Amino acid sequence: MRRIVNGLNVYYVDVGPRSSPTIVLIHGFPMGTEMWQSQIQALKQGYRVVAYDLRGQGRTETGDGQFTVEFLVDDLIALLDALKINCAVLCGLSMGGYVALRTAERHRDRVDGLVLCDTKSEADTNEGKLARAGSIKAIKEDGVREFAKSFLRGALSPSGLSNRNLVSVAMKIISRNQPLGLCGTLLALACRTDTSGFLPTIKVPTLIVVGEADKITPVECSSRMHSAIQGSELQLIHDAGHFSNMENSIQFNEKLADFLTDRIKA
Ligand code: MLT
């Protein structure tokens with residue numbers, strides 16, 4: 001489905017019973033809605049499930065390519081408004097987690113649960129900013145496909161990398177992206193705020209999920225969030241790296257379903 005949100009043509013999926021609790025799936029960089037395929041299938045009987053392509057990625061427009069994570073929060077709120085969703089559980093992976101945390105910080109009343117997957121609350125270090133600069137240069141010089149190959153080598157676990165179907169699906173999702181949108185997103189990520197100070201004030205049910213072999217946002221990042229968010233739950237996903245929901249979707253979906261059943265009221 002498509003809709004104009006904040007002046008941009010946004011691609012999204014909206015399935016499941018309207019009377020059930022809503023879960024919004026926010027993808028990681030440099031991906032798109034399709035990375036949530038397995039979760040959409042698993043959840044749509046019992047929940048209203050919304051997934052969308054963030055500005056600059058997938059099938060959503062990029063605009064002029066100059067935006068920040070604050071714009072991404074505004075886009076999410078505008079999408080919720082357009083779909084007449086007052087409150088939702090925000091489930092974000094990596095960059096999606098940054099957007100979920102910042103949305104919860106700015107719009108506490110719109111969030112009734114958090115699922116933080118393979119993500120962290122800290123902003124980029126100098127080293128991280130330099131890595132973003134390197135990625136922008138690589139995308140401009142070598143193109144999106146070459147960038148996708150090297151990104152996946154760092155993101156997936158050894159068993160993820162040996163799964164040819166998974167690698168080909170991920171390559172397809174990443175390769176759909178355009179350089180302008182990806183480079184704009186990298187700049188937005190480099191200048192995002194640190195949400196660590198907000199964590200102790202979170203009052204909604206929170207599940208933290210991380211692939212045991214995640215090298216981009218390692219288990220320690222999740223452990224720190226777990227210690228800071230009172231009453232949060234931490235689950236490690238076996239045989240999975242940074243894209244834990246795709247690499248071990250069976251275990252990921254079990255943990256997500258258990259959390260939603262136990263902690264989110266229908
Ligand atoms: C992501 O998966 O969203 C990115 O790897 C996050 C990041 O680069 O900080």
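For ligands, and for the atoms within them, numbers begin at 1 and follow the listed sequence. Residue numbers count from 1 along this sequence. Keep in mind that this is a model prediction, so the values were computed, not measured.
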Trainee: Which word best sums up how the rings of F151 and F29 line up, parallel for under 30°, tilted for 30 to 60°, or perpendicular for over 60°?
Mentor: perpendicular

Trainee: Can you name the residues that form a salt bridge (Lys or Arg N to Asp or Glu O under 4.0 Å) with D74, not counting sequence neighbours?
Mentor: R106

Trainee: Flag the pair D124 and K120 as a salt bridge only when some basic side-chain nitrogen lies within less than 4.0 angstrom of an acidic carboxylate oxygen.
Mentor: no

Trainee: Please state whether the rings of F252 and W36 are parallel, tilted or perpendicular, taking 30° and 60° as the class boundaries.
Mentor: tilted

Trainee: Heavy-atom cut-off of under 4.0 Å around ligand 1: list whichever protein residues fall inside it, by chain and number.
Mentor: G28, F29, S94, M95, Y98, R132, F151, I216, H242

Trainee: Going by distance alone, is a donor N or O of one side chain under 3.5 Å from an acceptor N or O of the other, for H242 and D118?
Mentor: no

Trainee: Looking at E70 and R102, is there a salt bridge between them, counting it only when a charged N and a carboxylate O are closer than 4.0 Å?
Mentor: yes

